[in-house]
Amino acid sequence: MHTVVVGTSGTTAADVIAVARDNARVELSGEAEAVLAAARAVVDDLAARPEPVYGVSTGFGALATRHIGPALRAQLQRNIVRSHAAGIGPRVEREVVRALMFLRLKTLCSGRTGVRPEVARTMADVLNAGITPVVHEHGSLGCSGDLAPLSHCALTLIGEGDAEGPDGVLRPAAELLAAHGIEPVELREKEGLALLNGTDGMLGMLVMALADLDRLYTSADITAALSLEALLGTDKVLAPELHAIRPHPGQAASAANMLAVLQGSELTGHHQDDAPRVQDAYSVRCAPQVAGAGRDTLAHARLVAERELAAAVDNPVVLPDGRVESNGNFHGAPVGYVLDFLAIAVADLASIAERRTDRLLDKNRSHGLPPFLADDAGVDSGLMIAQYTQAALVSELKRLAVPASADSIPSSAMQEDHVSMGWSAARKLRTAVGHLTQVLAIELYAATRGVELRDGLVSAGASRAVISAVRGAGVGGPGPDRYLAPDLAAAESFVRDGRLVAAAESVTGPLS
């Protein structure tokens, strides 16, 4: 099994995906162990002094003015975990919880948090045992970190609350730890706070969304090319010299992908044959511009994610010179903004895909295709209601594009008076990514059907490969009635699992 070694200088998106989705093992580097011990010595020294230090010998948030004596500090750290584990609602997905824990471990290993090495080791042990704390949908305002979600994870570390075992069964955390030979952590000064005070949940969801959207943007270029082909559109608008004069890199990449998919097609360029058209509709002609803008948005979001993956987010932090200082680095604005930006781009990409689908189904605009791509229009409705489903998804995507990060609601007796709502932005984006997958699956269903109906004209090699793979996956099914009950779930799986991209690349070579 692949092993991810956590050091002192952050981590990579690939490591997050490996741990969250592929159950990679986690180990601490020797350097991380040493840095953890050195930072802890600083905290122990401060804890022994009579002067109050925030997070070490004081209360938290609006209660930071109270000095806490040594006899109550262990209880203080346990209590902050217990009191902050106040999430509610449906359980968050296992991969999100694993990403959340792994990213918190990454920050612990930076040496900036002041926890003991055994705290970090226990978190790694829990991940390696396949134990997943129960984390709930609601409870983070995205400032002072993802407090409730991280608190539920910390609750498992101290042997309290419920968690899911590697067998998927929910049990008391204490039972699961004991079954895997893991000792619950006895928290000391600063450690409870250090386990809670990060933007790890929203960052983990951003990293996974970026991985998914990389695949989906390539998928969108493929489905757009298939729709262009089915509509007898022209590929002249994809010429590199046209995109060079508006030098957005994402636009050029999308145009190049579409051109590669259409290489060798006899269906393109027939827009003047029977029904003269000066130009193709915007949803066809401007596909690279819309998808390209989204690609450039991905590039910006990836830059933000890379910076966050290299960051150590906590409050207070132990600086290299030994100072322990309060700060505001836990504010989720940098992550929240790009999560919302991506939701806007996703909604627009889905919207233009739906417009192409609708054009394929409308006999007045499809240039010779049967109404709704039906075998016997009137006797059956073809893909009419599949487009209804697509339209419903696009409508919800527009609602999901309303930014969460533009909102703020004060908390903690006005001490925490401006928050990011970044966790909410991340949860919205996860839903949006799923909807986009479904929208593209429906366009794929319609576009491959449209290409097949162009009798006497030869489609591109890539589109033939895609159609063959789609049919081989059971999308469309055998016989004349194969479109009467469209298997949209199979089409969705074909897009989500990357088989669409793989089928196209078997002819085109690597796409961007």
Side-chain angles (χ1 to χ4, degrees), residues 212-213 215-233 237 254 257-258 261 279-295 297 342-367 369-374 381-402 428-429 431-451 453 463 466 470 475-476 483 486-496 500:
D212 294 338
L213 289 171
R215 180 182 64 255
L216 289 175
Y217 268 83
T218 303
S219 300
D221 293 337
I222 297 167
T223 60
L226 293 169
S227 291
L228 183 151
E229 197 174 24
L231 290 166
L232 303 180
V237 296
S254 283
N257 282 348
M258 290 181 66
V261 171
Q279 303 172 109
D280 291 317
Y282 284 7
S283 60
V284 178
R285 188 177 5 139
C286 301
Q289 284 77 8
V290 172
R295 284 174 171 273
T297 303
L342 287 172
I344 292 169
V346 164
D348 201 36
L349 184 64
S351 179
I352 197 171
E354 182 276 329
R355 288 292 80 206
R356 290 190 295 265
T357 304
D358 182 64
R359 185 166 289 272
L360 285 164
L361 271 55
D362 184 351
K363 70 180 182 66
N364 296 311
R365 294 179 291 143
S366 65
H367 309 288
L369 293 172
F372 304 105
L373 303 179
S381 299
L383 298 181
M384 178 193 293
I385 305 305
Q387 186 270 329
Y388 275 41
T389 300
Q390 198 183 39
L393 290 165
V394 169
S395 182
E396 184 170 351
L397 278 164
K398 293 173 183 176
R399 295 190 292 274
L400 291 167
V402 176
K428 285 196 309 97
L429 181 59
T431 301
V433 168
H435 286 4
L436 174 62
T437 306
Q438 294 163 337
V439 167
L440 294 178
I442 294 170
E443 183 183 16
L444 173 67
Y445 213 105
T448 53
R449 169 70 166 157
V451 171
L453 289 168
S463 60
V466 167
V470 166
V475 180
Y483 292 98
D487 190 349
L488 300 184
E492 177 189 2
S493 174
F494 191 81
V495 174
R496 183 183 59 246
L500 170 58

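Predicted, not measured: the structure shown is a model, and the values here were computed from it.
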Do side-chain atoms of [X] reach the backbone of [Y] as a donor and acceptor pair under 3.5 angstrom?
X: Lys398; Y: Ile344; answer: no
X: Ser395; Y: Ala391; answer: no
X: Lys428; Y: Leu400; answer: yes
X: Tyr445; Y: Asp487; answer: yes
X: Ser493; Y: Ala489; answer: no

| Can you list every salt bridge (Lys or Arg N to Asp or Glu O under 4.0 Å) pair that touches residues 437-447, not counting sequence neighbours? | Arg356-Glu443

Could you tell me if the side chain of [Y] sits less than 4.5 Å from the side chain of [X], heavy atoms only?
X: Asp280; Y: Val237; result: no
X: Val495; Y: Ser219; result: yes
X: Phe494; Y: Leu500; result: yes
X: Ser227; Y: Val284; result: no
X: Arg359; Y: Ser283; result: yes

Over all atoms of both residues, closest heavy-atom pair of [X] and [Y]:
X: Met258; Y: Ala287; value: SD-CB, 3.9 Å
X: Pro371; Y: Lys363; value: CG-CD, 3.5 Å
X: Ser351; Y: Val394; value: CA-CG1, 3.9 Å
X: Ala230; Y: Ala447; value: CB-O, 3.8 Å
X: Leu361; Y: Ala446; value: CD1-CB, 4.1 Å
X: Thr223; Y: Ala220; value: OG1-O, 3.1 Å

| request: With rounding to the nearest 0.5 Å, note down the distance linking OG1 in Thr448 to CD in Glu229. | output: 11.0 Å

| How long is the span from the OH atom in Tyr217 to the OG1 atom in Thr297, to the nearest 0.5 Å? | 6.5 Å

Any residue meeting side chain to side chain donor-acceptor pair (under 3.5 Å) with [X], in chain and number order, not counting sequence neighbours:
X: Asp348; value: none
X: Arg285; value: Gln279
X: Gln390; value: Thr357
X: Gln387; value: Glu354

| query | Taking NZ, NE, NH1 and NH2 as the nitrogens, is one of them in Asp358 or Arg355 under 4.0 Å from a carboxylate oxygen of the other? | reply | yes

| field | Electrostatic pair Asp212-Arg496, nearest N-O below 4.0 angstrom | value | no

| task | Apply the side chain to side chain contact (heavy atoms under 4.5 Å, CB included) test between Leu226 and each candidate in Leu231, Asp221, Leu360, Leu444; give the one that qualifies. | result | Leu444

| field | Short side-chain donor-acceptor distance under 3.5 Å, Ser254 and Arg295 | value | yes

Pairs under 3.5 angstrom only: tabulate donor-acceptor contacts from the side chains of residues 431-442 to other protein residues two or more places apart or in another chain.
| residue | atom | partner | partner atom | Å |
| --- | --- | --- | --- | --- |
| Thr431 | OG1 | Arg427 | O | 3.4 |
| His435 | NE2 | Glu396 | OE1 | 3.3 |
| Thr437 | OG1 | Val433 | O | 2.9 |
| Gln438 | NE2 | Glu492 | OE2 | 3.4 |

